[in-house]
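These values consider heavy atoms only, across backbone and side chains, with no hydrogens, waters or symmetry-generated copies.
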Amino acid sequence: MSEPDAMKLSPKVLLIDPVRMLPSLLIPLVGVLFVGGFSPSSFGWAAFGVLGAIVYAVVRWATFSYRIVGDRLEIRRSLVSRSVRTIPLERVRGVDVTTPPMHRLLGLAVLKIDTGASGGGEQEGELDGVSVAEAERLKGVLLRRARAAKAAAGLDDAAAHDGTGTGPGVQEGGPRLAGEPHEAVPLDRAFAEPVEHEIVKVPRKWLLYGPLSGAYLLTPFAVAGGAIGLIFQWGDQLGVGRAAVWNVGRWLWEHPILIVVAVLALVVAMPFVAAVMYAVFNWDFTLKEREGYLVAERGLVTRRSVSLEARRTRGYEIVDALPERRAGVVRMWAIVTGLGDSETRGQLLPDVPRAVAVEVAAQAVGPFTAPLRAHPPVARDRRLFRAIAPWLAVAAGAAVLAVATATPAWWILAAVALVLAGLGVPLGNDRYRSLGHGYDGVRLLSVRSGSLRRSQAVVERRAVVGWRLRQTWFQRRAGVFTLVAGVGAGKGGYEAVDVSGQQAVAFPAEVTPEWMAPFLAQR
């Protein structure tokens with residue numbers, strides 16, 4: 001059978017590449033124009049530079065091709081030296097499709113193949129500039145053929161790559177709960193059209209929860225800082241000299257009320273701008289299950305579709321900031337083996353009511369219903385000390401300076417520090433109440449910590465690859481430990497902070513008794 005013909009990116013991408021090169025060409029072009037005194041020859045050299053960028057884009061497009069040959073994807077480049085990147089389909093763990101603004105205007109998309117290899121981009125394939133229809137077609141073909149390649153090889157992903165599986169075969173249908181038998185999928189079923197099931201679609205009214213996370217609240221200040229930096233960097237080219245900028249700064253310093261008004265305006269704008277930015281990134285967030293893959297789609301300006309192989313899902317992480325906790329909403333990430341850029345690609349849910357997140361987690365991994373065990377009282381003492389003592393020290397230092405210098409401003413600082421020290425009492429108690437670890441006795445363990453940003457990770461027992469005990473100098477004096485469950489997924493390890501010595505031994509022995517028995521016997 002003859003090999004399939006090589007495919008090229010859409011020629012429409014030639015309208016995008018030169019525009020993307022402009023930021024890197026802008027400084028040289030402006031320099032050429034200024035050095036040439038804006039003479040006809042300087043404009044000619046600038047035009048030559050733009051023409052060179054266009055020619056480079058055309059040559060790069062003409063020398064790039066891709067094709068699916070049997071059980072592999074080949075990506076060929078021959079701009080200067082010829083290179084062929086081969087991606088075995090059985091290594092494909094997910095396919096992402098994004099449509100940035102310029103791509104969307106032209107009906108194009110960026111398709112990225114995730115192989116789970118460490119190092120990110122060096123081991124992944126990217127097709128930047130295929131049509132949206134071609135991207136969706138390739139996505140379906142790659143995921144189905146990846147399943148077919150695994151079925152033909154008789155591989156269980158977990159057993160083949162993680163050493164944690166229990167049998168051969170390719171999972172059929174939705175996410176499999178640990179302990180359930182594996183089912184081999186016939187090759188004709190592996191090539192069949194995917195069956196899609198919508199797990200949850202985030203209503204637009206829930207976008208109002210976005211500012212509670214705090215992730216986008218500082219956007220107004222970031223924009224203002226970026227504008228000031230741009231003026232300093234490009235002021236001369238824009239006809240605004242640095243001397244003029246410094247004069248404006250000095251004038252504002254002499255009129256502090258204007259600075260206060262500007263800062264207050266930015267503070268007032270924080271929740272509104274945060275809501276807009278959050279909506280832009282999480283517009284129409286939809287989580288689906290498609291033939292063994294969890295597919296998360298989101299975005300207004302740039303639409304992104306991320307596919308996560310459900311068989312590699314080893315748990316989930318639920319995160320809530322203090323305002324989110326008061327409102328009863330959480331965010332959720334998947335813990336997936338071999339997932340690059342897990343903070344972005346692993347997100348299963350934006351801010352949603354906790355009940356919705358618990359239901360989705362139960363479908364994806366399984367419900368965790370065991371109670372979390374409290375940590376020793378000394379853990380509370382440590383948190384209260386860290387939340388109160390620094391502000392008391394600041395208050396004492398400010399009081400000493402106020403008496404020594406007879407400056408009332410120091411008393412104001414002392415009063416503020418005392419207020420913050422008082423607020424440290426409920427904060428320290430909340431941080432202690434947030435501590436916990438637990439095991440359901442069958443397949444799931446969990447650790448939780450944090451207050452201003454509380455995080456609870458729920459991980460399958462089979463994902464644990466080791467245990468590690470850590471103890472700082474202050475922990476040694478307090479007689480507590482940090483117990484780290486090493487996991488071959490997600491962040492690589494999840495911590496139970498400030499556990500007692502007994503808990504540091506008993507918890508690993510309960511979760512993985514087959515590992516700990518020899519050590520306990522020696523002890």
Which pairs with one or both residues in residues 209-226 pass side-chain hydrogen bond (donor to acceptor under 3.5 Å, both in side chains), sequence neighbours excluded? none
Between the side chain of [X] and the main-chain N/O of [Y], is any donor-acceptor distance below 3.5 Å?
{"X": "T99", "Y": "T302", "value": "no"}
{"X": "R383", "Y": "A379", "value": "yes"}
{"X": "E289", "Y": "G292", "value": "yes"}
{"X": "Q347", "Y": "L349", "value": "yes"}
{"X": "Q363", "Y": "V360", "value": "no"}

Show, in sequence, the C-alpha distance, side-chain angles and deciding distance for F368 and L445, and conclude whether the side chain to side chain contact (heavy atoms under 4.5 Å, CB included) test is met. CA-CA 8 Å; F368 180 81; L445 63 143; 5.7 Å; no
In sequence, state the C-alpha distance, the side-chain angles, and the governing distance for D320 and R331, and then conclude on salt bridge (Lys or Arg N to Asp or Glu O under 4.0 Å). CA-CA 6 Å; D320 53 4; R331 291 161 283 155; over 6 Å; no
For R476, which residues count as a side chain to side chain contact (heavy atoms under 4.5 Å, CB included) partner, sequence neighbours excluded? Q471, W473
Mind checking what makes side chain to side chain contact (heavy atoms under 4.5 Å, CB included) contact with A327, not counting sequence neighbours? L212, V329
Is there side-chain contact between [X] and [Y], with at least one heavy-atom pair below 4.5 Å?
{"X": "D440", "Y": "T369", "result": "no"}
{"X": "L348", "Y": "L308", "result": "yes"}
{"X": "L294", "Y": "I199", "result": "yes"}
{"X": "V295", "Y": "S305", "result": "yes"}
{"X": "S434", "Y": "Q456", "result": "no"}
{"X": "V352", "Y": "V202", "result": "yes"}
{"X": "V110", "Y": "P100", "result": "yes"}
{"X": "R461", "Y": "Y439", "result": "yes"}

So which heavy atom on [X] is nearest to which on [Y], and how close?
{"X": "V497", "Y": "H375", "result": "O-ND1, 2.6 Å"}
{"X": "P101", "Y": "V301", "result": "CG-CG1, 3.1 Å"}
{"X": "A135", "Y": "L111", "result": "O-CD1, 3.3 Å"}
{"X": "L300", "Y": "R104", "result": "O-NH1, 2.5 Å"}
{"X": "F507", "Y": "L483", "result": "CD2-CD2, 3.8 Å"}
{"X": "P426", "Y": "G422", "result": "CD-O, 3.3 Å"}

Give, for atom [atom1] of [X] and atom [atom2] of [Y], the distance between the pair rounded to the nearest 0.5 Å.
{"X": "Y293", "Y": "L143", "atom1": "OH", "atom2": "CG", "value": "4.5 Å"}
{"X": "D498", "Y": "Q475", "atom1": "CG", "atom2": "CD", "value": "5.0 Å"}
{"X": "S451", "Y": "L322", "atom1": "OG", "atom2": "CG", "value": "5.5 Å"}
{"X": "I113", "Y": "R91", "atom1": "CD1", "atom2": "CZ", "value": "14.5 Å"}
{"X": "F385", "Y": "F474", "atom1": "CZ", "atom2": "CZ", "value": "8.0 Å"}
{"X": "L469", "Y": "T482", "atom1": "CG", "atom2": "OG1", "value": "9.0 Å"}

Under 3.5 Å, which donor-acceptor pairs do the side chains of residues 266-283 form with other protein atoms, sequence neighbours left out?
{"unit_1": "Y278", "atom_1": "OH", "unit_2": "D351", "atom_2": "N", "d": "2.9"}
{"unit_1": "N282", "atom_1": "OD1", "unit_2": "R298", "atom_2": "NH1", "d": "3.3"}
{"unit_1": "N282", "atom_1": "ND2", "unit_2": "Y278", "atom_2": "O", "d": "3.1"}

Evaluate E495 against R470 for side chain to side chain contact (heavy atoms under 4.5 Å, CB included), listing each step before the verdict. CA-CA 10 Å; E495 300 179 348; R470 191 173 66 238; 2.7 Å; yes
Please assess R314 against E309 for the test salt bridge (Lys or Arg N to Asp or Glu O under 4.0 Å), listing each intermediate value before the final yes or no. CA-CA 11 Å; R314 297 293 180 261; E309 198 170 4; over 6 Å; no
Pair V487-Y494, side chain to side chain contact (heavy atoms under 4.5 Å, CB included): steps then yes or no: CA-CA 7 Å; V487 178; Y494 295 90; 3.9 Å; yes
For R386, all residues meeting side chain to side chain donor-acceptor pair (under 3.5 Å), sequence neighbours excluded: none
Could you list the residues that satisfy side chain to side chain donor-acceptor pair (under 3.5 Å) with S449, not counting sequence neighbours? none
For [range], which residue pairs pass the salt bridge (charged side-chain N to carboxylate O under 4.0 Å, His left out) check, not counting sequence neighbours?
{"range": "residues 359-373", "result": "R373-E510"}
{"range": "residues 408-435", "result": "R325-D430, D430-R433"}
{"range": "residues 261-270", "result": "none"}
{"range": "residues 197-219", "result": "R204-D284"}

Ion pair check, R454 and E317, cut-off under 4.0 Å: no
Would you mind checking if E297 and R304 are paired as a salt bridge, meaning a charged N to carboxylate O distance below 4.0 Å? no
Ring pair (Phe, Tyr, Trp, His ring centres under 6.0 Å): which pairs involve residues 393-436, sequence neighbours left out? none
Just to verify, what does H103 make a ring pair (Phe, Tyr, Trp, His ring centres under 6.0 Å) with, not counting sequence neighbours? none
Assess whether atom CH2 of W206 is packed by more than 12 heavy atoms of other residues, nucleotides or ligands within 6.0 Å. yes
Please step through side chain to side chain contact (heavy atoms under 4.5 Å, CB included) for the pair V319 and R453, ending with a clear verdict. CA-CA 7 Å; V319 176; R453 183 186 185 275; 3.7 Å; yes
